[in-house]
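When reading the values below, keep in mind they use all heavy atoms of this one structure, side chains included, and skip hydrogens, waters and symmetry mates. To find a chain, count down the sequence lines: A is the first, B the second, and so on, and within it residues start at 1. Just so it is clear, the structure is predicted and the values come from calculations on it, not from any experiment.
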2 protein chains.
Amino acid sequence: MHQPEHLKSAGLKSTLPRLKVLDLFENSKERHLSAEDVYKQLLASGEDVGLATVYRVLTQFEQAGLLVRHHFEGGKSVFELNKGDHHDHIVCLQCGHVEEFHDPAIESRQQKVATGLGFAIRDHSLHIYADCTKKKCPHKR
Amino acid sequence: MHQPEHLKSAGLKSTLPRLKVLDLFENSKERHLSAEDVYKQLLASGEDVGLATVYRVLTQFEQAGLLVRHHFEGGKSVFELNKGDHHDHIVCLQCGHVEEFHDPAIESRQQKVATGLGFAIRDHSLHIYADCTKKKCPHKR
DNA sequence: ATGCAAATGATAATCGTTCTTATTTGCATT
DNA sequence: AATGCAAATAAGAACGATTATCATTTGCAT
């Protein structure tokens, strides 16, 4: 159990709801979870947390750098553990599974384009929405 | 005035609110407008349209292919006239202005990456959030 | 001019998220 | 181990964007 230290070093008190949420992200099958996902999974595990707390904790974790927030289509925010690397996302239109990728060529082109237009990149997001080409979509929800 | 034909060919009755909205997109300074933007500008022009109608019309125009919808950060949908071309967006963090660009190298890399992972791209969005590097941001709201 | 389906406007409802506030908890100090 | 207090929580109200409901109005073919 090394989670309390994670929280401590992030300047966050080691409370039960925070440990539960962090644990969920570290042990969940899907890397990408919405606030609703987190809330429901905690309730299903018998944990008794409030939805407002989930939202607060997710935002705090994002600010602390423990989680990264993404805005996929559909409006709702989705979070994932911050592995320290940057990557883009392919969202499967069939099952909603999110696959990650990183392409240095794309990244450097973005820099060139932005610089050429007189902008300094602060952040960017590349989302590809696609169909899995295998006969049966392998990513069960 | 060629707008009524636009609507007709899209299978939409030529009504006053729809003409107003279409006209606004064709004559507005900013290419990218939210439902709220459209509603407020119509009210400001003395036109009396309902907010619900604006939302409905925007969605219909999107489905008819007259407008394209984008989801920038901040949650709300933004629309622009469909010019038929695909392009990506740089959003100025200072003033909210949206600049468009198209980079074939990025596009082709995306195809390669998606194919390599076993996906067929249906749609994608690349949003760069950046600061304008000129001393004074030239894009006044 | 007439009729009727389609479109509108006002408003209620919904969804994701944030705010408010009274209560509870973590944890440092006795 | 008991105490105190700031920080964190839970419940529900509030919020902003969007969608649904429904009675009224409008476009347009007859």
Side-chain angles (χ1 to χ4, degrees), chain A residues 1 3-24 32-43 45-64 66-67 69-79 96, chain B residues 1 3-24 32-64 66-79 96:
Chain A
M1 178 90 92
Q3 295 172 344
E5 287 74 56
H6 280 179
L7 294 177
K8 276 272 176 49
S9 61
L12 295 169
K13 243 186 210 173
S14 167
T15 67
L16 243 46
R18 300 216 256 239
L19 290 173
K20 305 273 180 54
V21 171
L22 197 47
D23 185 63
L24 180 56
H32 302 81
L33 303 173
S34 68
E36 196 68 24
D37 293 336
V38 171
Y39 179 62
K40 282 190 183 147
Q41 290 201 35
L42 288 183
L43 285 197
S45 318
E47 309 295 349
D48 186 23
V49 288
L51 180 56
T53 301
V54 170
Y55 274 101
R56 236 177 305 125
V57 169
L58 290 176
T59 301
Q60 292 163 341
F61 283 5
E62 182 198 8
Q63 288 166 347
L66 293 173
L67 295 179
R69 182 196 298 256
H70 299 292
H71 295 276
F72 295 140
E73 265 174 38
K76 46 170 59 175
S77 289
V78 172
F79 298 81
Chain B
M1 178 89 90
Q3 293 171 348
E5 287 73 57
H6 279 177
L7 294 177
K8 278 270 176 51
S9 62
L12 294 170
K13 245 187 211 173
S14 168
T15 67
L16 242 47
R18 300 214 256 240
L19 290 173
K20 306 274 179 55
V21 171
L22 198 47
D23 186 63
L24 180 57
H32 301 81
L33 302 172
S34 68
E36 196 69 22
D37 293 336
V38 171
Y39 179 63
K40 283 189 182 146
Q41 290 201 34
L42 288 183
L43 284 196
S45 317
E47 310 295 352
D48 186 23
V49 288
L51 180 55
T53 301
V54 170
Y55 274 102
R56 243 180 327 211
V57 168
L58 290 176
T59 301
Q60 292 162 341
F61 283 5
E62 182 199 7
Q63 288 166 348
L66 294 173
L67 296 178
V68 178
R69 182 196 299 256
H70 299 292
H71 295 276
F72 296 137
E73 265 174 38
K76 49 169 57 174
S77 290
V78 172
F79 298 81

Item to check | A/T15 side-chain N/O to D/dA7 phosphate OP1/OP2 under 4.0 Å | outcome: no
Checklist entry - Looking only at side-chain N and O atoms, does A/K76 come under 4.0 Å of OP1 or OP2 in C/dG16? => result yes
Next on the checklist: From OH of B/Y39 over to P of C/dT11, roughly how many Å is that when rounded to an integer?
Outcome noted: 10 Å
Item to check | Selection from C/dT17, D/dG12, C/dC27 that lies nearest to any side-chain heavy atom of A/Y55 | outcome: C/dT17
Next on the checklist: Just the rounded figure in Å: distance from P of C/dA7 to CG of B/L19.
Outcome noted: 13 Å
Checklist outcome for this item: B/D48 CG to D/dT25 C1', in whole Å, measures 13 Å
Next on the checklist: Categorize B/R56 for me: base, sugar-phosphate, or nothing, with a 4.0 angstrom heavy-atom threshold over every strand shown.
Outcome noted: base
Next on the checklist: What is the separation between atom CG on B/L58 and atom C1' on D/dT18, rounded to the nearest whole Å?
Outcome noted: 11 Å
Next on the checklist: Quick check: on DNA chain D, is the nucleotide nearest B/L16 upstream (toward 5') of the one nearest B/G75, or the reverse? Name the residue that is more 5'.
Outcome noted: B/G75
Checklist outcome for this item: In Watson-Crick or G-U wobble terms, with both distances under 3.5 Å, the base opposite C/dA22 is D/dT9
Checklist entry - To the nearest angstrom, how far is A/L51 atom CG from C/dT18 atom C1'? => result 11 Å
Checklist entry - Judged by modelled atom types alone, do B/T53 and B/R56 share a side-chain donor-acceptor pair under 3.5 Å? => result yes
Next on the checklist: Side chain of A/A35 only, heavy atoms from C-beta on: which candidate in D/dT18, C/dT17, C/dA10 is closest?
Outcome noted: C/dT17
Checklist outcome for this item: D/dA29 -> Watson-Crick or G-U wobble partner, both distances under 3.5 Å, gives C/dT2
Next on the checklist: For a quick test of reading the model, state the closest non-hydrogen atom pair linking A/V54 to A/A35 and the distance between them.
Outcome noted: CG1-O, 3.6 Å
Checklist entry - Just how far, in rounded Å, is C1' of D/dC28 from CG of B/L7? => result 14 Å
Item to check | Shortest non-hydrogen contact from A/T59 toward A/R69 | outcome: OG1-NH2, 3.5 Å
Checklist entry - Side-chain contact, heavy-atom cut-off 4.5 Å: B/Y39 with B/V21? => result no
Next on the checklist: I need the CD-P distance between A/E47 and D/dA10, as an integer number of Å.
Outcome noted: 11 Å
Next on the checklist: So, does A/S77 get its side chain near the phosphate of C/dT17, meaning an N or O under 4.0 Å from OP1 or OP2?
Outcome noted: yes
Item to check | A/R18 side-chain N/O to C/dG26 phosphate OP1/OP2 under 4.0 Å | outcome: no
Next on the checklist: Can you tell me which nucleotide in D/dT9, D/dC28, D/dA11 comes closest to the side chain of A/P17?
Outcome noted: D/dT9
Next on the checklist: To check you understand the geometry: which heavy-atom pair defines the closest contact between A/K13 and A/L7, and what is its length?
Outcome noted: O-CD1, 4.2 Å
Checklist entry - Where the side chain of B/K13 is defined as all heavy atoms beyond and including C-beta, which of D/dT9, C/dA7, C/dT18 is the nearest nucleotide? => result C/dA7
Checklist entry - C/dA7 C1' sits how many Å from B/K8 NZ, rounded? => result 15 Å
